[in-house]
A.B. asks: 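Dropping the structure in here first, questions after.
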Amino acid sequence: MLTREVIARLPKAELHNHLDGSLRPGTLIDLARESRVALPSEDPETIRAFMLVRDARHLEDYLRRFDITVGVLQTEEALTRVAYEMVADAAGDGIRYLEIRYCPYLSTGGGLSLSQVLDAELEGVRRGEREFGVRTGVINCSLRHFDPDLSLAIARISVEYRDRGVVGFDLAGGEFGRPPGAHAEAFHVAARGLLGTTVHAGEAAGSESIADALFRCHADRIGHGTRLYEDPGLVNYMRDHRVPIEINISSNVQTRAVPSAAAHPVREYFDAGLAVTLSTDSWLMAGTSLTDEYWLAHTALGFDRKSIDQMILHGFEAAFLSWPEKQRLLAEVKDELGSVI
């Protein structure tokens, strides 16, 4: 019988997790004190409950919690600490490969340059890799409400850091009324610079947002993709072209993209043969772990052990890694999946 403890022991890949959404409550308290950011309490459990989004009416409400965490991520020390702790926490959840995404421009308000932000984040990531054995990659985000020229600047520095730990470029932020194609030139730069590309699409906007991400932004993967079902032809296209979808069940419930976990279309997508994998979106605001997400898929949507193993493999197959490294990692993971009972 499948249990949560078994899922916790399975090797997993986390492809969609925001650095500014995954601080430890205690770390948030420490950094808030240092940066003089007001919090309602200095008790970690109270802060954990406060940061958990239960009251969002839509995606934009959900994103407002990030104003608090971004406010404490304005120093190199803070960025290094949070990145390091994310790798440590990933190791504790059985994650073998972790992609951390963040918009580096958000940490320039206190005078840091984009390079200083990236250097600090990557220092924490590399130290975590050495100590915990988790393979990592950094995905730089731009945001939909940014001027496209700023997106270009973020894409260009992402390419410069391609051989230093940055593996991809992404577009996040409030989706409704902001098609990703407005930032197409930044994605051209990222693609020409040989970075992986992924786009938040189909969460707060419809399937047309996903199509825009695919055909104007060269998206190798789609983040969320919740409303893909609105276009059956696009469903078939993504199935046939093996475009992976980074599914985030809990956060989709929080942002009202779906009414409940049991109503999430990930079951429909998996059964249709799409390359779906589960991620968390954020550990703090979503109040979840990757183990929790796979357990939720089992209990609310009926995914059995075989299906869960397949979604886990989809995650490793979709990783922004070199082909030889991916094959080595997949071979290790397949052996380990077979040994966990």
Side-chain angles (χ1 to χ4, degrees), residues 14-35 37-39 44 47-48 50-53 56 59-90 98-110 112 114 116-125 128 136-146 150-151 154 157-158 165-166 168-175 198 200 203 223-224 246 248 250-251 254-255 279-290:
E14 166 85 85
L15 302 184
H16 191 123
N17 189 312
H18 292 268
L19 180 140
D20 48 338
S22 298
L23 286 73
R24 295 173 178 173
T27 297
L28 177 56
I29 291 166
D30 289 346
L31 297 179
R33 188 183 305 119
E34 293 168 9
S35 55
V37 171
L39 292 177
I47 291 301
R48 188 188 304 277
F50 174 72
M51 294 302 294
L52 177 62
V53 181
L59 177 60
E60 283 71 15
D61 274 355
Y62 178 81
L63 294 175
R64 289 193 181 98
R65 286 291 204 289
F66 288 78
D67 293 341
I68 299 170
T69 52
V70 168
V72 307
L73 292 172
Q74 299 301 316
T75 68
E76 292 165 294
E77 294 78 14
L79 288 159
T80 298
R81 176 178 175 176
V82 171
Y84 169 78
E85 290 178 351
M86 283 187 70
V87 182
D89 293 344
L98 172 69
E99 289 178 354
I100 299 173
R101 61 184 71 194
Y102 183 55
C103 174
Y105 181 78
L106 295 177
S107 288
T108 62
L112 295 179
L114 289 176
Q116 287 175 312
V117 173
L118 288 173
D119 288 340
E121 181 182 355
L122 289 166
E123 179 184 342
V125 164
T136 67
V138 167
I139 297 175
N140 286 338
C141 300
S142 186
L143 301 179
R144 278 178 162 80
H145 66 274
F146 283 175
L150 179 51
S151 295
I154 297 170
I157 198 166
S158 300
V166 173
F169 181 71
D170 177 31
L171 185 68
E175 183 184 8
T198 180
H200 286 64
E203 181 187 17
H224 295 288
E246 309 151 1
N248 306 270
S250 292
S251 77
Q254 291 172 300
T255 63
S279 292
T280 60
D281 207 8
S282 65
W283 296 332
L284 182 61
M285 279 69 154
T288 192
S289 68
L290 194 52

A.B. asks: Does atom OH (Tyr105) have a neighbourhood of more than 12 heavy atoms from anything else shown, all under 6.0 Å?
C.D. replies: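 Incorrect, the count does not exceed 12.
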A.B. asks: Check whether Gln74 reaches the backbone of Leu106 with its side chain - one donor and one acceptor, N or O, closer than 3.5 Å.
C.D. replies: yes
A.B. asks: Taking the basic N atoms (NZ, or NE/NH1/NH2) and the acidic carboxylate oxygens, is any pair closer than 4.0 Å for Arg81 and Glu85?
C.D. replies: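 Salt bridge present between Arg81 and Glu85.
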A.B. asks: Does Ser35 form a side-chain contact (heavy atoms from CB on, under 4.5 Å) with Thr75? I'd like the steps, not just the answer.
C.D. replies: CA-CA 9 Å; Ser35 55; Thr75 68; over 6 Å; no
A.B. asks: Under 4.5 Å between any side-chain heavy atoms of Ile154 and Phe146, yes or no?
C.D. replies: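 They are in contact (side-chain heavy atoms under 4.5 Å apart), so the answer is yes.
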A.B. asks: Look at Glu14 together with Arg101 and state whether they make a salt bridge at an N to O cut-off of under 4.0 Å.
C.D. replies: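 No, Glu14 and Arg101 are not salt-bridged.
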A.B. asks: In sequence, state the C-alpha distance, the side-chain angles, and the governing distance for Leu15 and Ile139, and then conclude on side-chain contact (heavy atoms from CB on, under 4.5 Å).
C.D. replies: CA-CA 9 Å; Leu15 302 184; Ile139 297 175; over 6 Å; no
A.B. asks: Taking all non-hydrogen atoms of both residues into account, name the closest pair between Val138 and Asn140 and its distance.
C.D. replies: CG1-OD1, 3.7 Å
A.B. asks: Nearest heavy-atom pair of Leu143 and Gly173: which atoms, and what distance?
C.D. replies: CD2-N, 4.0 Å
A.B. asks: Does Asp170 reach the main-chain N or O of Gly168 with its side chain, forming a donor-acceptor pair under 3.5 Å?
C.D. replies: no
A.B. asks: Decide side-chain contact (heavy atoms from CB on, under 4.5 Å) for His16 and Glu99; before the verdict, give the C-alpha distance in whole Å, the side-chain angles of both, and the deciding distance to 0.1 Å.
C.D. replies: CA-CA 7 Å; His16 191 123; Glu99 289 178 354; over 6 Å; no
A.B. asks: Check whether Ser282 reaches the backbone of Ala286 with its side chain - one donor and one acceptor, N or O, closer than 3.5 Å.
C.D. replies: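 Indeed, once roles are kept as given, a pair shorter than 3.5 Å links the two residues.
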A.B. asks: Give the minimum heavy-atom separation between Arg65 and Leu52, together with the two atoms involved.
C.D. replies: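 Residues Arg65 and Leu52, closest heavy atoms: NH2-O, 3.5 Å.
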A.B. asks: Would you check if the side chain of Ser107 reaches a backbone N or O of Leu73 as a donor-acceptor pair within less than 3.5 Å?
C.D. replies: yes
A.B. asks: Enter the distance from His224:NE2 to Glu246:CD here, rounded to the nearest 0.5 Å.
C.D. replies: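 Rounded to the nearest 0.5 Å, the NE2-CD separation comes to 8.0 Å.
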A.B. asks: For Leu114 versus Pro104, what's the shortest heavy-atom pair and its separation?
C.D. replies: CD2-C, 3.8 Å
A.B. asks: Is it the case that the side chain of Ser251 and the backbone of Gln254 share a donor-acceptor pair, with hydrogens and angles ignored and the cut-off at 3.5 Å?
C.D. replies: no
A.B. asks: Taking C-beta and beyond as the side chain, do Ile29 and Thr27 meet within less than 4.5 Å on heavy atoms?
C.D. replies: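 Result no, sub-4.5 Å side-chain heavy-atom pair not found.
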A.B. asks: Looking at CE of Met285 and CZ of Arg48, how far apart are the two atoms once the value is rounded to the nearest 0.5 Å?
C.D. replies: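 Spacing of CE (Met285) from CZ (Arg48) equals 13.0 Å.
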A.B. asks: So, Thr69 side chain and Phe66 main chain: donor-acceptor pair closer than 3.5 Å or not?
C.D. replies: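 Yes: the side chain of Thr69 pairs with the backbone of Phe66.
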A.B. asks: When you check the side-chain N and O atoms of Thr280 and Asn17, is any donor under 3.5 Å from an acceptor?
C.D. replies: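 Yes, side-chain donor-acceptor contact under 3.5 Å.
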A.B. asks: Any heavy-atom pair between the side chains of Leu112 and Leu79 that's under 4.5 Å?
C.D. replies: yes
A.B. asks: So which atom in Val72 and which in Leu31 form the shortest heavy-atom distance, rounded to 0.1 Å?
C.D. replies: CB-CB, 3.7 Å
A.B. asks: Over 60° means perpendicular and under 30° means parallel, so classify the ring planes of His200 and His18, tilted if in between.
C.D. replies: tilted
A.B. asks: Check whether any side-chain heavy atom of Tyr102 sits under 4.5 Å from a side-chain heavy atom of Asp20, and report yes or no.
C.D. replies: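 Contact flag for Tyr102/Asp20 side chains = yes.
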A.B. asks: Report yes if some heavy atom in the side chain of Leu39 is under 4.5 Å from a heavy atom in the side chain of Ile47; otherwise report no.
C.D. replies: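 Side-chain contact under 4.5 Å: yes.
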A.B. asks: Does any part of the side chain of Leu171, heavy atoms only, come nearer than 4.5 Å to the side chain of Cys141, both counted from C-beta?
C.D. replies: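 Heavy-atom side-chain distance check fails, nothing below 4.5 Å.
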A.B. asks: Which heavy atom of Ser289 sits nearest a heavy atom of Trp283, and at what distance?
C.D. replies: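 In terms of heavy atoms, the two residues are closest at CA-CD1, 4.4 Å.
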A.B. asks: Determine whether Thr80 and Glu121 satisfy the following criterion, side-chain hydrogen bond (donor to acceptor under 3.5 Å, both in side chains), listing intermediate values before the conclusion.
C.D. replies: CA-CA 5 Å; Thr80 298; Glu121 181 182 355; over 6 Å; no
A.B. asks: Rounded to the nearest 0.5 Å, what separates atom CG in Leu19 from atom CG in Leu284?
C.D. replies: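 Between Leu19 CG and Leu284 CG, I get 11.5 Å after rounding to 0.5 Å.
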A.B. asks: Could you go step by step and tell me if Gln116 and Asp119 meet the side-chain contact (heavy atoms from CB on, under 4.5 Å) rule?
C.D. replies: CA-CA 5 Å; Gln116 287 175 312; Asp119 288 340; 5.6 Å; no
